[in-house]
Trainee: 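Handing you a structure now.
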2 protein chains.
Amino acid sequence: MATQSLEDYLEAIYNSLNRRGHAKTNEIASDLGVKAPSVTEMFDKLRKEGFINYKKYEGVTLTERGREVAKDVSEVHENIKKFLELLQVSPKQADKDACKVEHSLSEESIDQLNKFIDFVERCPEEEARWLKHFDYFSAHGELPPAHRDKRDEGEE
Amino acid sequence: MATQSLEDYLEAIYNSLNRRGHAKTNEIASDLGVKAPSVTEMFDKLRKEGFINYKKYEGVTLTERGREVAKDVSEVHENIKKFLELLQVSPKQADKDACKVEHSLSEESIDQLNKFIDFVERCPEEEARWLKHFDYFSAHGELPPAHRDKRDEGEE
DNA sequence: CAAAATTATTAGGCTCACCTAATTATATTA
DNA sequence: TAATATAATTAGGTGAGCCTAATAATTTTG
């Protein structure tokens, strides 16, 4: 398995390829907040492990294997971000936190989180009501009046 | 701020003190899955930074500062664990994942997660219904029949 | 196309958290 | 209390991922 750091590089390469059409040393360095020599070193590791196509002084592309890992990590990232945003975390902070958390979750937790996001997205009305209650709670520190009444038709 | 690893040690010490009444080198080593010399080294660091009281060949205790950090980390851990368990992740795995995730969240996300858990725990009936829908969805891969009908009194 | 500018790589070092093996201190028991 | 067992520490080393400074390749421009 790719280490946490290698996963970060794969994800950055994946995003760079999508956004810019290429992934060069300096771009990745800047995206990840590290210096160019670190990137060169990691490119070499990623190549050795079969995740990227890398020839010195040329840009990199993902192998099939690399793309799979990157896509997985990226999906996990997106779902963690969505979840944090449901919790009213700002998009910017949610994105940052997702970067770190994405490497820490087990398959089991990832699966359940995926299901959870899927669930939320597939039952908009019901979910929106419940989440609105949470938003109210988050903002006011107490349950919304309608909720406290156990009635749920007049809270809008 | 304490590094991720130092936080792990503080948390382990905190738990050991609570569970066993003391925190010795070998106990912490075994709890954290590392060898004794690593613990000695970290104890020294934690002492230098004012988190623990440590004299060679004696057990350790937490300073006020250390206890605060440990308690915070521990609370975050508990809330992440609770959240994962809401998502039907097994308690064991939820605990493991919480260990890793607990160091990755920003203050903002921690605050919101705390609110979320508080919210869930404070509105049992309403929440239970929604979570039951998720449990059904998680188990069957589709929304429960009552939910699909947009009626919510006959789904039990 | 040569000089300059840019981009990438190599060389050599650093820190962190870990390890094993050897040593020293403490605790137990004959 | 001396011998032994246990527990903790020191000494010395490793690998991962980062750094700066120096060098080499590529690209751009006069």
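Numbered from 1 within each chain, the chains take letters A, B, ... in sequence-line order.
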Trainee: Can a side-chain donor-acceptor contact be found between A:Lys96 and A:Gln93 if the only test is distance below 3.5 angstrom?
Mentor: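 Per modelled atom types, A:Gln93 and A:Lys96 side chains form no pair under 3.5 Å.
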Trainee: Is there side-chain contact between B:Phe116 and B:Val120, with at least one heavy-atom pair below 4.5 Å?
Mentor: yes
Trainee: Under 4.0 Å from any atom of DNA chain C, heavy atoms only: list the residues of residues 9-24 of chain B that qualify, in numerical order.
Mentor: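 Nucleic-acid contacts, sorted: B:Tyr9.
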Trainee: Which one, C:dC18, D:dT9, C:dT9, comes nearest to the side chain of A:Tyr54?
Mentor: C:dT9
Trainee: Can you tell me how far C1' of D:dA25 sits from CG of A:Asn26, to the nearest Å?
Mentor: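 One finds 14 Å between C1' of D:dA25 and CG of A:Asn26, rounded.
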Trainee: Would you kindly say whether A:Gln88 and A:Ser138 are connected by a side-chain donor-acceptor distance under 3.5 Å?
Mentor: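 Their side chains do not contain a donor-acceptor pair, so the 3.5 Å distance test is not met.
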Trainee: Could you check whether any side-chain heavy atom of B:Ile13 comes within less than 4.5 Å of a side-chain heavy atom of B:Val60, counting everything from C-beta outward?
Mentor: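 Side-chain contact under 4.5 Å: yes.
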Trainee: Across nucleotides 20-26 of chain C, 5' to 3', mark each nucleotide with B, S or - according to how protein heavy atoms within less than 4.0 Å reach it.
Mentor: BB--BSS
Trainee: State, with a plain yes or no, whether a side-chain heavy atom of A:Lys115 is found less than 4.5 Å away from one of B:Phe134.
Mentor: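 They are in contact (side-chain heavy atoms under 4.5 Å apart), so the answer is yes.
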Trainee: With a sphere of 6.0 Å drawn around NZ of A:Lys35, does it hold more than 12 non-hydrogen atoms of other residues, nucleotides or ligands?
Mentor: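 It does not: A:Lys35 NZ has 12 such atoms or fewer within range.
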Trainee: Report the distance from atom NZ of B:Lys55 to atom P of D:dA8, rounded to the nearest whole Å.
Mentor: 17 Å
Trainee: Please determine, for the side chain of A:Ser5, which listed nucleotide (C:dT9, C:dC18, D:dC18) has the closest atom?
Mentor: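 Among C:dT9, C:dC18, D:dC18, the one nearest the side chain of A:Ser5 is D:dC18.
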Trainee: Among C:dC18, D:dT9, C:dA8, which nucleotide sits nearest the side chain of B:Thr40?
Mentor: D:dT9
Trainee: Stepwise, does the side chain to side chain contact (heavy atoms under 4.5 Å, CB included) test hold for A:Leu10 with A:Ile52?
Mentor: CA-CA 8 Å; A:Leu10 285 176; A:Ile52 65 175; 4.0 Å; yes
